[in-house]
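We count ligands from 1, going down the list as the structure has it; atoms in each ligand are counted the same way. All values derive from a computational prediction rather than experimental measurement.
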Amino acid sequence: MLKVPDHQVAGHQGGHGQPGPLIDDSGRFYKPLQDDDRGAIEAAFYTSFSSNTRVPDHIRRFFPVFHGTQLLDASDGSSQRPHLVLEDVVSGRSHPSVMDVKIGSRTWYPEASEDYIQRCFEKDRKSSSLRLGFRISGLQLYGSEESGLWKPERKLVHNLSTDEVRVVLKKFVSSNSPTDPNLNPDCSLASSVYGGSSGILAQLLELKSWFEDQTIYHLNSCSVLMVYGKKKVLKGGSSDAEVKLIDFAHVTEGNGIIDHNFLGGLCSLIKFISEILTSPDECTTKVYLQNSDNKNEEILASSNECTTKVCL
Ligand SMILES: O=P(O)(O)O[C@@H]1[C@@H](OP(=O)(O)O)[C@H](OP(=O)(O)O)[C@H](O)[C@H](OP(=O)(O)O)[C@H]1OP(=O)(O)O
Ligand SMILES: Nc1ncnc2c1ncn2[C@@H]1O[C@H](COP(=O)(O)OP(=O)(O)O)[C@@H](O)[C@H]1O
């Protein structure tokens with residue numbers, strides 16, 4: 001039985017006449033192929049990657065397993081269309097915390113159309129991409145029994161300042177309420193989720209060492225998806241935190257050239273996460289994110305230091 005995933009945090013969502021991803025109970029994620037060349041490029045990437053003997057085995061685990069393509073009824077009931085059949089990397093986790101981080105200071109690439117480059121450039125400039133080499137595209141995190149799941153509106157996370165990005169990365173590994181303005185993120189889960197020999201930092205470092213060498217692909221506009229089951233870690237169990245690369249709709253050939261854009265963004269993300277592990281208590285700024293109509297105020301960051309209001 002196929003259903004719409006409630007754990008999707010970014011990208012094209014179903015609805016308004018647009019098909020979105022589907023999942024099943026066996027741990028598969030079905031991503032509709034986009035009509036234009038984006039669908040064809042992503043399908044070609046997965047096909048090439050799956051059989052490319054130049055990709056080391058230990059690197060394959062950072063990509064969702066690819067099970068080919070399948071014609072399915074679209075999630076919006078419009079018509080049958082081909083879907084990529086992928087491993088659902090969130091499946092099997094209780095209270096999954098998920099963050100999509102789009103890597104690269106530029107999400108456009110020279111071969112794209114002028115119009116596309118311009119749109120991407122604007123998003124890169126307004127978001128943290130140009131400044132930091134990555135941006136948070138979307139996230140969900142489990143707060144508590146009372147507060148439930150925190151899934152800030154995507155437009156609220158798109159244009160975060162550097163401080164806000166740091167705070168969101170801290171909230172991702174904190175056990176106190178992500179929405180309480182009087183609480184600093186306690187980072188109490190940082191060592192189990194980000195740290196350790198198999199934590200997120202170790203995985204990102206392993207990926208980085210591949211990107212220092214690999215010249216096969218340029219992963220334009222691709223994301224790092226960070227996932228872990230919060231319930232288990234809160235109960236003191238070992239973390240099942242995983243890093244996966246997703247979204248290959250804009251991959252181009254590397255032609256023997258290092259993917260500097262991806263590598264630079266990855267190094268920057270690594271630095272932020274390392275700093276949270278080494279100095280989790282470093283003071284953060286109190287930030288209220290507010291819609292322009294002054295409604296739906298949402299608090300992303302907190303400390304005793306100062307208060308900033310950002311109108312979106
Ligand atoms: O269509 P939208 O407005 O959801 O924009 C998509 C973006 O969503 P956003 O609104 O920035 O969260 C979306 O960004 P995320 O994956 O959500 O970070 C992509 O940039 C997508 O472009 P493409 O499919 O990669 O070429 C963007 O799609 P296109 O506008 O290029 O179709
Ligand atoms: N294999 C997967 N398993 C689980 N969730 C996924 C997977 N691939 C994508 N997602 C979810 O869907 C979102 C959008 O995916 P993405 O491939 O970036 O789509 P788009 O091309 O529409 O931007 C991601 O942010 C993530 O939440």
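- Ion pairing between a basic and an acidic side chain is recognised when a charged N comes within 4.0 Å of a carboxylate O; Lys271 and Glu275 show such pairing.
- Those atoms of ligand 2 that come under 4.0 Å of a heavy atom in His12, given as number and element, are 20 (P), 22 (O).
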Please list, one pair per line, the donor and acceptor atoms closer than 3.5 Å that link side chains of residues 187-198 to other protein atoms, with sequence neighbours excluded.
residue: Ser188; atom: OG; partner: Ser175; partner atom: OG; Å: 2.8
residue: Ser188; atom: OG; partner: Asp186; partner atom: OD1; Å: 3.1
residue: Tyr194; atom: OH; partner: Leu169; partner atom: O; Å: 2.7

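- With a 4.0 Å cut-off on non-hydrogen atoms, Arg38 does not touch ligand 2 at all.
- By the 3.5 Å distance cut-off applied to N or O atoms, Val98 is not counted among the residues near ligand 2.
- When Met99, His7, Lys102, Gln8 are checked for heavy-atom proximity to atom 12 (O) of ligand 2, Gln8 turns out nearest.
- Using a 30° and 60° split on the angle between ring planes, Tyr142 and His95 fall in the parallel class, below 30°.
- Annotation for ligand 2: atoms under 4.0 Å from non-hydrogen atoms of Glu87 are 1 (N), 2 (C), 3 (N).
- With ligand atoms numbered from 1 in the order given, ligand 2 contributes 16 (P), 17 (O), 19 (O), 20 (P), 21 (O) to contacts under 4.0 Å with heavy atoms of Lys31.
- Using a 4.0 Å cut-off between charged nitrogen and carboxylate oxygen, Arg119 and Glu122 do not count as a salt-bridge pair.
- Taking a cut-off of under 4.0 Å to the non-hydrogen atoms of Gly11, the atoms of ligand 2 that pass are 14 (C), 20 (P), 22 (O), 23 (O).
- Under 4.0 angstrom from ligand 2, the non-hydrogen atoms of Ile246 all belong to its side chain.
- The distance from the SG atom of Cys222 to the CD1 atom of Ile246 is 7.5 Å, given to the nearest 0.5 Å.
- Between Lys31 and Asp247, at least one side-chain nitrogen of the basic residue sits less than 4.0 Å from a carboxylate oxygen of the acidic one, meeting the salt-bridge criterion.
- Remark: among candidates Ile23, Leu84, Asp100, Asp88, the nearest residue to atom 4 (C) of ligand 2 is Asp88, based on non-hydrogen atoms.
- Considering backbone and side-chain N/O atoms, Asp247 comes within less than 3.5 Å of an N/O atom of ligand 2.
- Any N or O atom pair closer than 3.5 Å counts here, and Val89 shares at least one such pair with ligand 2.
- Close contacts between ligand 2 and Ala10 involve ligand atoms 13 (C), 14 (C), 25 (O) [criterion: under 4.0 Å to a heavy atom].
- In this structure, a donor-acceptor pair under 3.5 Å is absent between the side chains of Asn261 and Tyr109.
- The side-chain hydrogen bond (donor to acceptor under 3.5 Å, both in side chains) test applied to His7 returns Asp88, not counting sequence neighbours.
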